[in-house]
Structure formats: C-alpha cells, structure tokens
Amino acid sequence: MSYNDTTAHKRIASILDEGSFVEIGAYVTARDAASDPSEEAYGDGVVTGYGTIGGCLMYVYAQNPDYAGGSLGEMHAAKIAKIYDLAMDMGAPVLALLDCAGVRLSEGIDSLQSFGTLFRNQSRACGAVPQITVVYGNCGGGLAVSAAMSDFVFMAESAKLFLTSPNAVKGNYEGKCDTAAAKFQSEKVGVCDAVGSEAEIAKEVKELVAMLPENYLDDFSATENADSLNRSVAGIDKADKAEMIRMIADDGKFFEVKKDYGKEVVAGLIRIGGNTVGVVANADGKLGYLGARKAEKLISFCDSFGIPVLTLADVDGFWTCEENERNLSVRLAELIDAYSAASVPMVTVVTGHAYGTAGIAMGSKSLGADVVYAWKSAKVGLMDESLLKDIDESFDKSKNTALYSAKRGYVDDIIDPAETRQRVAAALEMLYTKAFDA
C-alpha cells in the first residue's frame with residue numbers, strides 16, 4: 001500500500017499543507033495479524049503522523065474506513081496514544097479525522113481498554129494543546145465521547161455521531177428523530193461547531209488553525225495587520241451581532257463557533273490588531289442555558305490558551321420556560337465561574353441593555369472585566385423599568401443609565417458606537433502584558 005491510496009491519506013492531504021505529511025507507524029498491525037496475515041489491515045485501520053497547516057506543526061490521526069471499517073482496536077489506539085504523547089512533548093495541536101465502525105469486537109477486552117487510554121490522553125491534553133476533530137462517517141459509542149472532549153468539532157453532512165444508536169433510544173427511531181445526524185448534534189446537542197462538505201470542512205479547519213496558538217505556553221505573536229486600529233465602525237449600532245463582530249474584527253473576519261446552537265449568544269474568534277480575541281455577544285436580549293453553555297465553553301478555552309475575551313453585552317433577562325428552569329441555574333453558574341476564574345484580558349462593551357443577574361453574568365466589572373465600556377444609548381441597571389410597577393417612572397432615567405453606572409465605577413467610559421473598534425483595540429493593547437496564571 002502506497003501513500004495517498006487510502007481514504008484516510010486523502011483526507012489528511014486535503015487539510016494539511018501540500019507534501020508536509022509524514023506518516024508514523026504505517027507497519028503497525030493487530031496482534032492476530034502476526035500469526036495470520038489475512039487479519040492484517042494497513043496501519044491497523046488508522047493513519048497517524050504529523051505535518052503542517054499554514055506552516056504550523058500539527059499531529060494528526062485519521063481512521064481508515066477502507067480497512068476493518070476503521071474500527072478501534074488495541075494497536076489502533078496505541079498509535080493514537082503515541083500521537084498524543086508527541087503532541088504533548090512538542091506542544092502542538094492534534095487533529096483527529098474520525099470514521100469508525102466502532103470497537104473491534106474480535107479483540108474483546110483489549111479493544112475496550114484502548115478507549116480508556118484514548119480518553120486519558122485526551123484529558124491530559126485538554127487545556128495544554130488545542131484538539132480539533134472532524135467526523136466524516138460513523139462516530140459511535142466511546143468515540144462520540146472522544147469527539148466531545150475536543151475543543152472544536154466539525155461534521156460532514158452525512159456523518160453520524162451517537163453515544164446510543166437512534167433506534168436503540170426508547171420511543172425513538174431514526175425516521176422519527178435522527179439523534180445521530182449532524183443537524184441534531186449541531187443544533188440540539190452543541191457538540192458540533194460546524195457542518196459542511198469535506199471541502200468546506202477542510203477550508204474551515206485551516207481558518208481555525210490560523211487563529212489558534214500551538215499550545216498554552218505559546219506567546220502567540222500577532223500576525224501582520226493592515227487594517228487600521230483607528231478605523232471607525234459607523235453604523236455598527238444598526239447591525240446584528242454577527243455583523244457587529246465582523247465590523248470590529250480585522251478585515252471583517254469572524255470564525256463563528258456553534259452557530260446553530262444556543263442562538264441567543266453569538267460566539268467565536270476574531271483578530272484585533274493581528275491578535276486573536278475570543279468574543280461572545282447577546283443576540284436577542286434574552287439568555288438561555290444553551291447560550292450560557294456556549295459562552296462558557298469559549299471563555300474557558302480562551303482562558304486556557306491565553307486568548308483575551310471581548311464581551312458585547314445586550315441582555316435584559318432570561319428565557320422563561322420549563323426547560324430553562326431545569327437547566328439555566330447550573331449553566332449560568334458555570335458561565336459566571338468561567339468569567340470569574342479567567343485571568344486573561346477581558347473587555348466588555350454594553351451595546352444595549354445589561355439588566356439584572358443576566359447583565360452581571362455577561363462579563364461585568366464585578367466578575368473581573370478589566371475594562372467596561374457602554375454605548376451612549378446603553379441601559380445598565382436592576383431591570384427594565386416597565387417591569388417595575390411600583391417604581392417611579394423617573395427610575396429608568398436616573399438609575400438605569402450608563403452614566404449612573406459610570407459614576408458608581410461599574411462602567412469605565414461611555415463611548416460613541418462608531419469608536420468601538422478603536423477603543424477595544426486600545427484597551428487590549430494596554431492589557432497586552434497582563435499577567436495570567438498559565
């Protein structure tokens with residue numbers, strides 16, 4: 001078998017820089033294959049090695065559906081474990097390309113224990129090197145857990161990701177609700193960040209890697225940036241949040257994560273002055289548990305890798321429904337903890353409302369934001385005046401204003417919306433050398 005002949009090799013080549021991939025462990029086979037060549041599968045069903053994306057070192061493993069269905073066995077897992085060991089030693093990201101028929105039943109307990117090894121290595125790598133997973137085909141059982149342990153997950157449109165098969169879920173079947181489908185995993189579960197064709201996924205992975213540090217110690221020097229930091233963003237107050245973020249970003253580039261999940265929050269990565277910044281923004285004035293979880297995940301990732309966080313706060317309360325009541329208190333606590341524990345630079349801009357507990361939870365000064373700005377039209381306070389039936393109408397004009405909060409020290413400055421990019425950039429530049437616990 002020669003290089004480029006397998007599906008796994010072709011998928012690796014579609015993402016890594018041309019000619020950069022170096023394979024490791026091509027001759028590894030399962031134990032049974034040593035005595036019975038008919039049992040031999042190329043590389044034991046997984047291609048492993050290293051290469052570059054945009055010139056950055058990247059360790060990669062790709063399950064090969066052409067051999068044993070890409071099923072995970074003892075030596076298959078040992079090859080992946082070696083990749084994680086190298087990635088941790090060298091401080092480089094891991095790219096996993098999954099297409100697996102499941103655990104290799106013929107190997108019994110050896111194949112089952114291999115999942116434990118994989119989980120442990122992924123856990124050790126968490127917060128140390130970025131982990132990116134692409135699901136091309138089936139990704140079931142323990143491998144679904146492996147995907148969920150990654151920092152970013154992409155799924156091909158026809159891919160399946162499931163802990164339990166849809167037909168095995170009581171009261172369900174695939175025709176009723178395909179819980180394994182990419183659509184379900186991106187919209188309802190939130191494991192998947194983006195869905196697309198293999199070509200679209202390859203392009204998005206490259207764009208993401210360009211935004212990421214190689215490891216948690218990477219000083220992450222800025223890229224060249226020709227977009228003026230003094231650029232006005234006139235009309236930003238009329239834009240929706242995704243467009244607002246693009247207007248603030250260098251060259252309008254915004255890598256959005258979990259776009260179809262928790263849509264009340266928009267989140268992702270941008271560059272400002274050539275430096276990567278994580279950004280979370282309220283999209284529709286209410287906060288639910290899905291949006292809170294989405295924001296928490298990104299903030300925690302940014303904190304692990306020394307990436308500053310920008311919050312665009314515009315929230316006047318919580319979604320009121322039974323499902324939110326069952327889940328929001330826990331997810332909101334996790335969001336608040338993520339902000340409070342973060343030691344990276346944090347800048348917040350109140351672009352609309354910042355009312356009540358929801359307003360506090362979105363990157364407020366009291367949770368540790370280093371700099372808080374508010375647009376001139378912003379309202380910061382206890383709650384919407386229209387809900388305070390027993391309060392004098394003057395309350396909204398006297399206590400619910402950005403000016404009142406600025407006088408109390410909860411807002412650092414009141415700015416014109418058109419100045420947002422330049423003021424955020426200036427704050428981040430000031431905070432560039434902020435000490436943080438790596």
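Scope of the values below: all heavy atoms of this structure, side chains included, with no hydrogens, waters or symmetry mates. Keep in mind that this is a model prediction, so the values were computed, not measured.
- Between F301 and F152, the ring planes lie perpendicular to each other; the angle is over 60°, past the 30° to 60° tilted range.
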### Query
Under the salt bridge (Lys or Arg N to Asp or Glu O under 4.0 Å) criterion, do D227 and R271 qualify, and how do the steps go?
CA-CA 10 Å; D227 192 350; R271 286 189 183 274; over 6 Å; no
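- Looking only at atom types and distance, the side chain of D66 has no donor-acceptor partner in the side chain of T6 under 3.5 Å away.
- Across every non-hydrogen atom of I248 and R421, the tightest pair is O-NH1, 2.7 Å.
- Pairing each heavy atom of G274 with each of N225, the nearest pair is N-CB, 3.8 Å.
- Annotation for H76 and G45: closest pair CE1-O, 3.3 Å, computed over non-hydrogen atoms.
- Shortest non-hydrogen contact noted between M90 and L57 is CB-CD2, 4.3 Å.
- For the 3.5 Å distance criterion, the side chains of T52 and D17 qualify, holding a donor opposite an acceptor.
- One finds the CG atom of D218 at 8.5 Å from the SG atom of C56 (value rounded to the nearest 0.5 Å).
- The heavy-atom pair separating R246 from F254 by the smallest distance is CG-CB, 3.8 Å.
- Y136 and Q63 share no side-chain donor-acceptor pair at under 3.5 Å.
- Of the inter-residue distances, the one linking L143 atom CG with C100 atom SG reads 5.0 Å to the nearest 0.5 angstrom.
- The aromatic rings of Y67 and Y42 sit tilted relative to each other, their planes meeting at an angle between 30° and 60°.
- With V372 as the partner, the side-chain contact (heavy atoms from CB on, under 4.5 Å) test is satisfied by one option alone out of V380, T348, T311, V349: T348.
- Using modelled atom types, one finds a donor on one side chain and an acceptor on the other under 3.5 Å when comparing E296 with S300.
- Taken to the nearest 0.5 Å, the CG atom of L332 stands 11.0 Å off from the CD1 atom of I360.
- The backbone N or O of G288 sits nowhere less than 3.5 Å from a side-chain atom of R293 that would complete a donor-acceptor pair.
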